[in-house]
2 protein chains.
Amino acid sequence: MAEGSGAGGPGSEALLFLTDDQLRKGIEAMFFAYRAFTADPDRILDDHAYGRAHHRAIHFINRQPGLTVNTLLSVLGVTKQSLNRVLRTLIEDGLVESRVGRQDKRERHLFLTAKGADLERALSDAQRARMRAAYRAAGPAAVAGFRQVLEAMMDPDLRRHYLALKEGG
Amino acid sequence: MAEGSGAGGPGSEALLFLTDDQLRKGIEAMFFAYRAFTADPDRILDDHAYGRAHHRAIHFINRQPGLTVNTLLSVLGVTKQSLNRVLRTLIEDGLVESRVGRQDKRERHLFLTAKGADLERALSDAQRARMRAAYRAAGPAAVAGFRQVLEAMMDPDLRRHYLALKEGG
DNA sequence: CTTGGAAAGTCAACAAGGCTGACATAAAGT
DNA sequence: ACTTTATGTCAGCCTTGTTGACTTTCCAAG
């Protein structure tokens with residue numbers, strides 16, 4: 001309603017959507033939506049005694065098979081020690097395979113095993129189902145705006161990682 | 001990829017935005033954007049030896065001054081013990097005040113003190129600045145779509161909390 | 001060939017912030 | 001009088017993040 005009143009000064013029309021109230025709604029929408037966004041995978045992970053950290057590792061190994069530990073590290077934005085704990089259990093459990101690099105033998109290239117790919121599929125199926133329902137409810141135009149805002153929200157460094165994956169698809 | 005080939009049946013045009021690739025991009029955009037979304041407040045909180053949990057409590061107490069512990073509990077979706085740890089330090093540090101209910105003396109109503117409101121302002125200023133930049137870069141139409149998709153993503157129970165706040169504004 | 005640095009892995013210790021379970025108190029409701 | 005609700009608290013556990021120190025392996029430049 002406040003948006004409709006034509007009382008603003010010069011140029012205020014174009015900036016009406018930047019009111020604190022609009023911004024606050026966006027902030028709260030992010031908070032609640034992210035909870036929903038992670039809820040389905042979390043349920044599946046619980047059954048396997050894994051956590052969100054395992055999901056993230058599995059996701060990006062699937063997205064970019066053969067990526068090195070260092071690359072995964074910088075995409076995830078965590079420390080080597082933190083990732084290693086997660087990665088070790090995934091390798092021990094036979095979900096991830098680590099192969100020595102051919103050119104540079106210091107590097108380890110990460111791949112999902114068949115078992116790992118199974119879990120990845122279960123997780124991303126669940127997440128995609130929710131995203132699909134939201135997309136369908138909101139419509140194509142809304143989806144375009146959704147991604148535009150999210151991309152504009154990222155730091156340059158994060159956007160770099162995002163875009164690298166976006167092209168690769 | 002079956003959806004992407006030009007061979008789709010009737011109605012496939014309208015569903016092009018539901019390809020697995022589009023869904024995946026949305027999922028990854030959520031992941032990276034949420035990191036950026038929380039980065040600025042996290043930096044401020046670090047200086048005060050608080051964490052994201054404190055931020056969330058402060059945010060919702062500010063949004064709905066006088067709300068009861070139980071209400072805050074259900075909005076945040078955590079256990080009483082978990083919230084209490086956070087709330088206790090905020091009260092001890094003089095950021096939050098807890099007043100006994102007048103009608104029902106079992107209830108405690110939560111308010112930000114002046115000091116609490118100061119921190120809240122610093123946190124939300126930072127978060128709004130990022131959101132404002134993203135909104136400005138993406139434009140009003142994108143913003144509408146952004147919120148539509150996020151709202152469609154929420155579980156009914158989460159959306160209930162979101163809408164209650166939305167109206168209250 | 002030696003040496004410096006990079007990639008990876010590991011150990012130890014710590015902190016935040018979730019969780020469960022058990023229990024205590026005060027106040028309300030029946 | 002009894003039960004239920006709202007709150008608070010203690011104790012213990014888990015995941016996942018952190019820092020710091022150290023090792024092994026290997027590449028690459030001097």
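Quick caveat: nothing in here was measured; it's all calculated off a predicted structure. Lettering follows sequence order; numbering is per chain, from 1.
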Q | A:H59 versus B:E28, side-chain donor and acceptor atoms under 3.5 Å | A | yes
Q. First contact, last contact: which nucleotides of DNA chain D are these for chain B, 5' to 3', heavy-atom distance under 4.0 Å?
A. D:dT5 to D:dC10
Q: Scan residues 113-123 of chain B for pairs that pass salt bridge (Lys or Arg N to Asp or Glu O under 4.0 Å), counting only residues two or more places apart or in two chains.
A: B:D118-B:R121
For residues 91-103 of chain A, run the donor-acceptor check on the side chains, cut-off 3.5 Å, and write out each pair with its distance to 0.1 Å, sequence neighbours left out.
| residue | atom | partner | partner atom | Å |
| --- | --- | --- | --- | --- |
| A:D93 | OD2 | A:Y50 | OH | 2.4 |
| A:E97 | OE2 | A:R99 | NE | 3.3 |

Q) Can you pull the side-chain hydrogen bond (donor to acceptor under 3.5 Å, both in side chains) pairs that have at least one residue in residues 29-40 of chain A, sequence neighbours excluded? A) A:T38-A:R52, A:D40-A:R43, A:D40-A:R130
Q.
Considering only residues two or more places apart or on different chains, which pairs with a residue in residues 69-81 of chain A satisfy side-chain hydrogen bond (donor to acceptor under 3.5 Å, both in side chains)?
A. A:T68-A:T71
Q: Go through residues 64-79 of chain B and report each residue with a non-hydrogen atom lying under 4.0 Å from DNA chain D, sorted by number.
A: B:T68, B:V69, B:N70
Q) Among all residues two or more places apart in sequence or in another chain, which pass the salt bridge (charged side-chain N to carboxylate O under 4.0 Å, His left out) test with A:R88? A) none
**Q.** Contacts of type salt bridge (charged side-chain N to carboxylate O under 4.0 Å, His left out), residue A:R106, not counting sequence neighbours
**A.** A:D104
Q.
What residues from residues 90-112 of chain B pass a heavy-atom cutoff of under 4.0 Å to DNA chain C?
A. B:Q103, B:D104, B:K105, B:R106
Q: Walk along DNA chain C from 5' to 3' and tell me the first and last nucleotide with an atom closer than 4.0 Å to a non-hydrogen atom of chain A.
A: C:dG5 to C:dC11
Q | Contacts of A:V149 that satisfy side-chain contact (heavy atoms from CB on, under 4.5 Å) - sequence neighbours left out | A | A:M153, B:A134, B:Y135, B:A138, B:A142, B:V143, B:F146
Q: Quick one: list whatever passes side-chain contact (heavy atoms from CB on, under 4.5 Å) with A:D20, sequence neighbours left out.
A: A:L23, B:R128, B:R132
Q. Which residue, A:R56 or B:Q81, contacts DNA chain D at a nucleotide closer to its 5' end, judged by nearest heavy atom?
A. B:Q81
